[in-house]
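For reference, the structure is listed below as structure tokens.
All values below come from the heavy atoms of this structure, side chains included, with hydrogens, waters and symmetry mates left out.
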Amino acid sequence: MLQSLEEPVRIDFYYSQDAAKDIPVISNHAMRVQEFLNELVRASDGRVEVNTIDPQPYSEGEDAAKSAGIAPITADGAGRQLMLGLVVSGVTDRREGIPYLNPAEEAYLEYDISRAIISVSRQARARVALITSMPMDSSFEPRSQQMTPPWQILAQLRTLFDVEVVAANAEKLPAKFDVLVIAHPKGLSEPLLRAIDAYAVGGGRMLLFLDPFCESDAQASGPGGFGAGGGASDLANLPSAWGIEWNPGRVVADRKYAQRVRARSEGGLATIEYVAWLMLSKDAILHKDPAFGVLQTVVMLSAGSLQKTEGSTLEMTPLIESSADSMIIDGSKLGSFADPAALLREFKPDTQRHAIAARFAGQVKGAYPTDVAPAPASIVVIADADLLRNEAWIQEERVGALSLGWRTFADNGSLLVNAVEQLCGKNALLSLKSRGASQRPFDVVRELQRQAEDRYRKKEEELKARIAQTQTRINELQKQKAPNQMLILTTEQQAQLQAAQSEVSDARKELRQVQFSLREEVEALGHRLMLLNVVAWPIVVAIFALAFGLRRNFWRRKVAT
């Protein structure tokens, strides 16, 4: 990255050394930052210059830091303040700042600084054309009479690229751009569809988010947005003409990667696996791909499946796949009236791994006649658009009305940026992304929970069947009574009711025992891990150290004699 810099770069590192000297977390992190900056200087052959500034109170350094956007933070309960941030400047007026180098985000240090360096050193940023029917950009909200901010994923894209939003009723694409991003297209004009088709035939680079059941579809959700949703993307017949097959309204359900949600069941609210909402871990992602292999966790909501059409000459490379414990379900079962418990009861895996994201490369056949010279295209298709919304991958940290910034819990943002950078031919940052640990599931605990839920559902179904049989028997006895006795329970009916109530009580006790056993198994696992970490490993280390010491003393005595 440093060897390919187009322009020299200066980094102003602001660090209140005296204020942080007795705060180990801050001082150690600042030392790590300084060491990394020194490595950049050594590796850059003069392309990077670092200027360390201690912004003493009321000094020129403090004024420079504040003017650069480096805000002081409160370091302790006594109100002590300090600064720990940096500003990257290029030969032009372009600047990128990191107001606070948070020790909790040290894993992202290399990426954050490297991204800032590349951003300011480029003479011209890559251009991205964006077509979407989703409310990603800032807009006026009539109810609040305020402007809504753009989605964070669009804001992140704009920090690295020049983004031009193309309206659905436009008649042509921009004159010059590097990558075309299409997210949940709907209602595109025919001239625009023809332009997209010609771009693909001419060897275009595209990133498509085609959603079979878009829960963020503002048109399907109504004025409130993010409601039932459910509108499918519509790119006319372009994908099938190019050789890409996906089915609107057909959603991949996956038991292994299912997110756990709170939903109603027979026993009230319970935590249930929602098989249509997926939290895909690293083993679902193609690790050999430079754009996707660095991702740790990707969250998708009601994603579809992809494959080549019959006779397609495109080369298809699956990038993200479901597990074999998956199946295809009808999107009509989802939305605001979805029943996670019912989906789980009806779940019957087809033992296939379904491609949720894939790269298609090669010459495409156009859906419309065109005089564009054909060339091999590169098209990345992701069968979900909901992954772009804030709620799917990022959460704002707030204290009252004060925003403390955003915390990412999935790599959806990196997925978008990585794919665009790869399509642009810019691979310098790909090896640095997603080094921090996103949410990593406890696989053993999840398997225990899955087994317990299977037992719970089995007991629940048995309970329902017993209640239904008892009710049927009571109805049969009711029919045998005389008309003037319809409101009076017979002795046999009373006995049946008491037996049913006893069965229901016993069954509910068994259900509670299943849940109790699950907690016991999880707690026992935690105790075993704690003993392993606190007791077993120190003993192993001590044994090795003792053996090493005895061996060294033995050889010393042998050499002395």
Q: Run the numbers on D325 and R353 for salt bridge (charged side-chain N to carboxylate O under 4.0 Å, His left out), then give the verdict.
A: CA-CA 8 Å; D325 192 13; R353 296 195 67 180; over 6 Å; no
How many angstroms lie between atom [atom1] of [X] and atom [atom2] of [Y], to the nearest 0.5 angstrom?
X    : Y    : atom1 : atom2 : answer
I394 : F409 : CD1   : CZ    : 8.5 Å
L286 : L319 : CG    : CG    : 6.0 Å
F292 : T317 : CZ    : OG1   : 11.0 Å

Report the residues that fulfil side-chain hydrogen bond (donor to acceptor under 3.5 Å, both in side chains) with [X], sequence neighbours left out, ordered by chain and then residue number.
X    : answer
S323 : D254
N102 : none
D289 : R359
E164 : R127

Q. When you look at T52 and Q34, which way does the side-chain hydrogen bond (donor to acceptor under 3.5 Å, both in side chains) test go after all the steps?
A. CA-CA 9 Å; T52 302; Q34 186 70 67; 3.2 Å; yes
Q. Side chains of Y257 and D283: is there a donor and an acceptor less than 3.5 Å apart?
A. yes
**Q.** Qualifying salt bridge (charged side-chain N to carboxylate O under 4.0 Å, His left out) pairs with a residue from residues 42-53, counting only residues at least two apart or across chains
**A.** E39-R42
(Q) I need the full list of salt bridge (charged side-chain N to carboxylate O under 4.0 Å, His left out) pairs touching residues 535-556, with sequence neighbours left out, sorted by first then second residue. (A)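 Qualifying pairs: none.
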Q | ring-ring contact (aromatic ring centres under 6.0 Å, His included) against W277, all qualifying residues, sequence neighbours excluded | A |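 In terms of ring-ring contact (aromatic ring centres under 6.0 Å, His included), with neighbours along the sequence ignored, W277 is linked to Y274.
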(Q) The criterion is side chain to side chain contact (heavy atoms under 4.5 Å, CB included); which residues satisfy it with P150, sequence neighbours excluded? (A) D137, S138, L154, R158
**Q.** F544: partners by side chain to side chain contact (heavy atoms under 4.5 Å, CB included), with sequence neighbours left out
**A.**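 Only V540 meet the side chain to side chain contact (heavy atoms under 4.5 Å, CB included) criterion with F544.
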Q. Who passes salt bridge (Lys or Arg N to Asp or Glu O under 4.0 Å) against R10, sequence neighbours left out?
A.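 Per chain and number, R10 pairs via salt bridge (Lys or Arg N to Asp or Glu O under 4.0 Å) with D12.
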Q) For D54, what residues pass the salt bridge (Lys or Arg N to Asp or Glu O under 4.0 Å) criterion, not counting sequence neighbours? A)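 Not a single residue meets the salt bridge (Lys or Arg N to Asp or Glu O under 4.0 Å) criterion with D54.
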Q: Mind jotting down which residue pairs meet the side-chain hydrogen bond (donor to acceptor under 3.5 Å, both in side chains) criterion with at least one end in residues 57-69? Sequence neighbours excluded, please.
A: none
